[in-house]
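Report on one structure; see the data block that follows.
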Amino acid sequence: MRWDVAVALRQSIFSSACASSHLMKVLASLAALLGCACIAAPAFAADEGQPSTFEVELGAVSDYRFRGLSLSDEQPALQGGVTASLANGAYGYAWASTIAEYGAGADGKGATVEVDLVLGWAGSVAGFDVDASAQLYIYPAGRDVNYVELPISLSRATGAWRWTLGGAYAPAQEALGNQDNRYGWVAIAWQGAPVQVELRTGYEDGAYAPGGKWDWSAGVSRTLGSLAAGVAYVDSDERGSSAGIVASLKATF
């Protein structure tokens with residue numbers, strides 16, 4: 001499959017008539033993943049003698065943007081996830097979002113939900129905050145589109161400012177046409193009260209961006225208790241892509 005076609009599939013039409021079905025799939029996926037995490041993590045923590053913590057998030061965005069591109073055909077998306085963490089920094093994360101139909105098979109139907117499963121470690125090394133993980137992107141009902149990626153990031157705070165340098169590598173695999181994919185990004189954020197401001201840019205090259213692609217964003221957010229609301233300007237130089245203003249609302253429990 002040519003990857004310009006794959007990108008087009010990512011941005012195919014989002015059917016509002018299927019919104020309730022999308023939500024059902026998201027909730028079902030999260031319920032199953034949360035159940036597995038709740039069963040497995042406490043047992044592991046007990047064996048290691050370490051406490052475990054759980055965090056659940058539910059939210060919505062006016063447009064699901066990933067590395068500058070809309071994966072929901074510039075339509076609203078419902079999102080949610082659960083994180084299980086141990087005191088030694090190890091964590092597991094499951095997250096899901098509604099998307100535009102992607103990875104259509106012979107029957108003409110594709111995935112309308114993306115599910116991300118992550119295992120990683122986050123902690124401090126030589127005064128820097130490090131986060132390294134392995135991430136599996138799953139597209140239920142999609143054909144030959146699930147893939148694995150290895151993200152890592154390094155950040156440090158100076159007063160109210162925090163800078164972050166990150167990258168993600170996807171080794172050659174079937175979903176990428178047996179090619180690899182590389183993405184690097186840098187961000188700087190001001191985390192003072194009452195709002196947080198972040199500027200971010202990234203560059204992608206490989207299976208998902210054969211000619212190379214830049215993306216950038218500027219956003220403002222505010223947290224009030226368990227609620228977080230934000231708005232961001234997001235764009236990329238991908239041909240056929242357009243800039244967008246993305247509003248978001250998330251609740252954390």
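Just the heavy atoms: all of them, side chains too, but no hydrogens, waters or symmetry mates, feed the values below.
Atom-to-atom distance recorded for L249:CG and S221:OG is 12.0 Å, nearest 0.5 angstrom. Separating the OG atom in S217 from the OH atom in Y233 is a distance of 10.5 Å, to the nearest 0.5 Å. In this structure, CH2 on W185 lies 10.5 Å from CZ on R67, to the nearest 0.5 angstrom. For the atom pair CD (E204) and OG (S236), the distance works out to 9.5 Å, reported to the nearest 0.5 Å. Rounding to the nearest 0.5 Å gives a distance of 6.5 Å between CD of E114 and CG of L71. One distance of note links CG of L136 with CG of L119; it measures 9.5 Å at 0.5 Å rounding.
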| task | Give the C-alpha distance, both sets of side-chain angles, the deciding distance and a yes or no for side-chain hydrogen bond (donor to acceptor under 3.5 Å, both in side chains) between E74 and S242. | result | CA-CA 9 Å; E74 301 182 357; S242 59; 2.7 Å; yes
| query | Run the side-chain contact (heavy atoms from CB on, under 4.5 Å) check on Q79 and W95 step by step: do they pass? | reply | CA-CA 7 Å; Q79 302 177 335; W95 182 87; 3.4 Å; yes
| request: Evaluate the criterion side-chain contact (heavy atoms from CB on, under 4.5 Å) for residue pair L117 and V115; output intermediate values, then yes/no. | output: CA-CA 7 Å; L117 302 179; V115 178; 4.1 Å; yes
| said: Could you walk me through whether R65 and D63 satisfy the salt bridge (charged side-chain N to carboxylate O under 4.0 Å, His left out) test, starting with their C-alpha distance in whole Å, then the side-chain angles of each, then the deciding distance to 0.1 Å, before giving a yes or no? | reply: CA-CA 6 Å; R65 294 268 175 159; D63 182 5; 2.8 Å; yes
| task | Could you go through the side-chain contact (heavy atoms from CB on, under 4.5 Å) check for E55 and T252 one step at a time? | result | CA-CA 7 Å; E55 183 176 272; T252 303; 3.3 Å; yes
| query | Checking salt bridge (charged side-chain N to carboxylate O under 4.0 Å, His left out) for the pair K213/E238: CA distance, chi angles, key distance, verdict? | reply | CA-CA 6 Å; K213 171 185 70 68; E238 177 75 16; 5.8 Å; no
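In terms of heavy atoms, Y64 sits closest to S97 at CD2-OG, 3.5 Å. Residues A207 and Q179 come closest through the heavy atom pair CB-CB, 4.0 Å. The minimum heavy-atom distance between I138 and P140, with the atom names listed, is O-CD, 3.5 Å. Pairing each heavy atom of A209 with each of N181, the nearest pair is N-OD1, 4.0 Å. Here the shortest heavy-atom pairing between A77 and S72 reads CB-CB, 4.4 Å.
Ring geometry for Y147 against Y139 counts as parallel: the plane angle stays under 30°, on a 0 to 90° scale with 60° as the upper cut. Between W214 and Y203, the ring planes are tilted. Angles from 30° to 60° get that label.
Under a hydrophobic-cluster definition in which Ile, Leu, Val, Met, Phe, Trp and Tyr are linked whenever side-chain heavy atoms come within less than 4.5 Å, directly or via other members, I99 and V234 are assigned to the same cluster. Under the 4.5 Å side-chain heavy-atom criterion for ILVMFWY residues, a single connected hydrophobic cluster contains both L165 and W121. In the hydrophobic cluster analysis, where Ile, Leu, Val, Met, Phe, Trp and Tyr join through side-chain heavy atoms closer than 4.5 angstrom, W163 is grouped apart from W161.
Note that R182 lies outside the cation-pi zone of Y169, set by a 6.0 Å cut-off to the ring centre and a 45° limit from the axis. For R200 and W216, the positive end is not near the middle of the six-membered ring at less than 6.0 Å and at most 45° from its axis.
With hydrogens and angles left out, the side-chain atoms of Y91 and D131 include a donor and acceptor closer than 3.5 Å. A side-chain N or O of E149 and one of Y137 form a donor-acceptor pair less than 3.5 Å apart. Checking Q75 against T98 by side-chain atom types alone, no donor-acceptor pair falls below 3.5 Å. Between the side chains of R162 and S155, a donor-acceptor pair is found at a separation under 3.5 Å. Side-chain N/O atoms of D129 and S124 include no donor and acceptor closer than 3.5 Å.
Between the T201 side chain and the D215 main chain, a donor and an acceptor come within less than 3.5 Å of each other. Proximity of a side-chain donor or acceptor of Q135 to a complementary backbone N or O of V118 within less than 3.5 Å is not detected. Distance alone, capped at 3.5 Å, places no donor-acceptor pair between the T223 side chain and the A228 backbone. A donor-acceptor contact shorter than 3.5 Å links the side chain of Q173 to the backbone of V148. Judged purely by atom type and a 3.5 angstrom limit, D180 has no side-chain atom pairing as donor or acceptor with the backbone of A170.
For the side-chain contact (heavy atoms from CB on, under 4.5 Å) criterion with L154, the lone passing option out of T164, V130, V125 is V130.
Among residues at least two apart or in separate chains, there is no salt bridge (Lys or Arg N to Asp or Glu O under 4.0 Å) pair with a member in residues 227-236.
Contact annotation: the side chain of Y102 approaches that of V145 to within less than 4.5 Å [non-hydrogen atoms, C-beta and beyond]. Contact of the V231 side chain with the I245 side chain is registered, since non-hydrogen atoms from C-beta on lie closer than 4.5 Å.
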